[in-house]
2 protein chains.
Amino acid sequence: MLPIERRKYIMDKLNLNGSVKVEELAKEMNVTPMTVRRDLDKLEAEDLLKRTHGGAVLSTSLYFEEEYDVKKEKNIEIKKKIAQSASELIKGPSTIFLDAGTTTYELANILKNRNDLVIITGDLKIASLLYRTENEVHFLGGKLEKKTGAVLSVEWNTFIERINIDYAFLGGSAITNQYYLTTPTFEKAKLKSKLIELADKSVLLVDESKFGVKSLVKIAHIKDFDVIITNKVFNNEFMKELKEKGVEVRLIGG
Amino acid sequence: MLPIERRKYIMDKLNLNGSVKVEELAKEMNVTPMTVRRDLDKLEAEDLLKRTHGGAVLSTSLYFEEEYDVKKEKNIEIKKKIAQSASELIKGPSTIFLDAGTTTYELANILKNRNDLVIITGDLKIASLLYRTENEVHFLGGKLEKKTGAVLSVEWNTFIERINIDYAFLGGSAITNQYYLTTPTFEKAKLKSKLIELADKSVLLVDESKFGVKSLVKIAHIKDFDVIITNKVFNNEFMKELKEKGVEVRLIGG
DNA sequence: CCGTATTTGTTCATTTTTGTTTATTAATAT
DNA sequence: ATATTAATAAACAAAAATGAACAAATACGG
């Protein structure tokens, strides 16, 4: 068996099972474990797999291991700062909308100590976090998204229209290079643009990582917001444009 | 099984069930409890779960609190038996409504292992428990009750009317000596009687402690239900009456 | 064919993982 | 409350996997 064949064999097995063991491969290919290890090292150098003790796994199937998680943690710090800044906008008793997402979850985490808010949300985790607090919490019904615990229903629009919302805090998962906020579904886009329209102040909470990403449906241009809280640094020209439009940009350091 | 696979197995099980036990995992993965504990410690260090005595729960504080809350309940053993009996009613793929309450929470706990249900509920804890499962979960929106995490909205009626519900599982907090199911608010009463009317089968889940208690608004007489699951022993005369009405009574021993 | 480069195997010290034992701690019932 | 049971953490031992160094085998170009 040629070295190339061995490596193909390893990758095939890996793709089939999600993981491989050194000892097993050694027996199957009639080589010593040392050779298998060297093969795995080479394949790892090519980013085709991730080595572990005793074997290897597909680099995609280790959704919880350190690299990914450290990265996630780093963003949490930024998100907390963005959330902190957002919370400072809400001076007195207010009715606010909290979009689904991790940044708004952090905001909810700060707001749970208050007692003068009416909070409307469609995020199950946010609702669970807040319902015991002194604030009044309204949950928008609908089908629960399995991955996120967020709900969305076509009936929201009529409900939303009847309420006076002081602040709508929206998160964003994808902002194009032309600074359009985008989202995967029409329903979500419709709701969010309605919120921007109806709320006294619409606030966009986005960390740097969301820029330059594209999703299917346009919600609005980010200059349609009243406030943008982010750690992304815009160029001078765009900043001037935002200022002319009356958009307040709060830049988070870190 | 590679260490990394073990940890993935643990996280998968955790995401499905909300909690895991050391002993169980040890048996399932053929390792000693000590190894499981070390795995759990590692995962906790990555903030993916929260350790407890004998196991672990998801770090999203939710489950931790819920389990704790439920444990405090008095008649939990009876409720589990009632829930078990109720679950046996649901043979194939069905659309069901789960009322808010601890008995229905126990039912949800059993149903989370299924994958052929559409579940409609207005109970935050039940929704949180079920939304990750293979079932489709719809949450009814509204203002969240601080004490219970249940929601209720005037708009439910129109929503409910448009859905075909196979089974409506209702709990009861107060059943008068004349066997009327009662509840504190008109809104709840209205919704529940509508559910009894609309569902193919309406099922009442009540333990003994709920009888002889009176609340403000009448929902229905218990003989309006199709099935009653309880550990309360009725006198012969009333049993005869129920039988004539075509009500199935499932008596839970213990 | 020879000499060189590459690959593979072997040995062994080191590291990692797992199991075992035991004292301590936490949960439970009495 | 206290006793009892179960779960845990710590320390140690055993097993498994690893990586480094070196030797042997193989491939390859001249």
Side-chain angles (χ1 to χ4, degrees), chain A residues 1-11 13-14 17-59 61-62 64-67 69-70, chain B residues 1-11 13-14 17-59 61 63-80 254:
Chain A
M1 211 175 195
L2 291 169
I4 292 242
E5 291 179 297
R6 262 197 336 257
R7 278 162 218 159
K8 177 156 167 44
Y9 181 92
I10 292 173
M11 286 312 295
K13 183 163 189 187
L14 195 53
N17 300 326
S19 73
V20 288
K21 291 179 187 168
V22 172
E23 285 296 335
E24 255 177 46
L25 288 171
K27 271 188 188 155
E28 285 164 19
M29 306 191 298
N30 265 321
V31 287
T32 55
M34 193 62 225
T35 303
V36 174
R37 254 176 249 127
R38 286 192 267 239
D39 282 341
L40 293 178
D41 288 347
K42 281 214 176 85
L43 291 168
E44 183 175 34
E46 294 176 46
D47 253 337
L48 293 166
L49 53 77
K50 170 103 187 143
R51 280 240 50 195
T52 67
H53 254 250
V57 293
L58 278 176
S59 34
S61 70
L62 54 121
F64 51 80
E65 280 298 318
E66 80 260 72
E67 284 168 81
D69 222 63
V70 168
Chain B
M1 211 175 194
L2 293 169
I4 198 167
E5 289 181 293
R6 263 195 337 253
R7 278 161 218 158
K8 184 159 162 46
Y9 180 91
I10 293 172
M11 286 311 296
K13 183 164 188 187
L14 196 53
N17 298 324
S19 69
V20 288
K21 290 179 187 167
V22 172
E23 286 295 336
E24 253 177 49
L25 288 171
K27 271 189 188 154
E28 285 165 18
M29 307 192 296
N30 265 322
V31 289
T32 55
M34 193 62 224
T35 303
V36 173
R37 254 175 245 127
R38 285 192 267 238
D39 281 341
L40 293 179
D41 288 348
K42 280 212 179 89
L43 292 167
E44 184 175 34
E46 294 179 46
D47 252 335
L48 293 164
L49 54 78
K50 184 158 174 59
R51 282 239 47 195
T52 63
H53 257 251
V57 294
L58 274 178
S59 52
S61 59
Y63 286 99
F64 188 68
E65 290 173 30
E66 297 337 333
E67 297 248 322
Y68 182 74
D69 278 0
V70 172
K71 250 187 198 168
K72 282 196 303 201
E73 273 296 318
K74 187 96 199 298
N75 288 328
I76 198 69
E77 283 312 315
I78 297 289
K79 284 175 180 174
K80 276 186 180 161

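Values below: every heavy atom of this structure, side chains too, minus hydrogens, waters and symmetry copies. Convention: sequence-line order gives letters A, B, ...; per-chain numbering from 1. Remember, predicted model here, so these are calculated numbers, not experimental data.
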Looking only at the side chain of [X] (C-beta and beyond, no hydrogens), which of the listed nucleotides [options] gets closest?
{"X": "A/Arg6", "options": "C/dT8, C/dG19, D/dA9", "value": "C/dT8"}
{"X": "A/Met34", "options": "D/dA17, C/dT8, D/dA20", "value": "D/dA20"}
{"X": "B/Arg37", "options": "C/dG19, D/dA17, D/dT8", "value": "D/dT8"}
{"X": "A/Glu23", "options": "D/dA17, D/dT18, D/dT8", "value": "D/dA17"}
{"X": "A/Arg51", "options": "D/dA17, D/dT18, D/dA7", "value": "D/dT18"}

Contact check, side chains of [X] and [Y], non-hydrogen atoms, under 4.5 Å:
{"X": "B/Ile4", "Y": "A/Arg51", "value": "no"}
{"X": "A/Met11", "Y": "A/Leu49", "value": "yes"}
{"X": "B/Lys27", "Y": "B/Glu23", "value": "no"}

For D/dG19 and A/Arg38 - does any side-chain N or O of the residue sit under 4.0 Å from the phosphate oxygens OP1/OP2?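 Answer is no, no contact under 4.0 Å.
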
Does a side-chain N or O of B/Thr32 approach OP1 or OP2 of C/dT20 to a distance below 4.0 Å, or not?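 Looking at the OP1 and OP2 atoms of C/dT20, neither is under 4.0 Å from any side-chain N or O of B/Thr32.
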
From [atom1] of [X] over to [atom2] of [N], roughly how many Å is that when rounded to an integer?
{"X": "A/Leu2", "N": "C/dT7", "atom1": "CG", "atom2": "P", "result": "12 Å"}
{"X": "B/Lys21", "N": "D/dT8", "atom1": "NZ", "atom2": "C1'", "result": "17 Å"}
{"X": "B/Leu40", "N": "C/dT17", "atom1": "CG", "atom2": "P", "result": "16 Å"}
{"X": "B/Lys42", "N": "D/dA9", "atom1": "NZ", "atom2": "P", "result": "14 Å"}
{"X": "B/Met29", "N": "C/dT18", "atom1": "CE", "atom2": "P", "result": "10 Å"}
{"X": "B/Asp41", "N": "C/dT18", "atom1": "CG", "atom2": "C1'", "result": "14 Å"}
{"X": "B/Met1", "N": "C/dT17", "atom1": "CE", "atom2": "C1'", "result": "16 Å"}
{"X": "B/Ile4", "N": "D/dA17", "atom1": "CD1", "atom2": "P", "result": "16 Å"}

What are the two closest non-hydrogen atoms of B/Leu14 and B/Leu48, and how far apart are they? CD2-O, 4.4 Å

May I ask you to say what B/Pro33 touches in the nucleic acid, namely base, sugar-phosphate or nothing, with a heavy-atom cut-off under 4.0 Å?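 No contact at all - B/Pro33 keeps every heavy atom at 4.0 Å or more from the nucleic acid.
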
Should we count NZ of B/Lys13 as having more than 12 external heavy atoms under 6.0 Å? yes

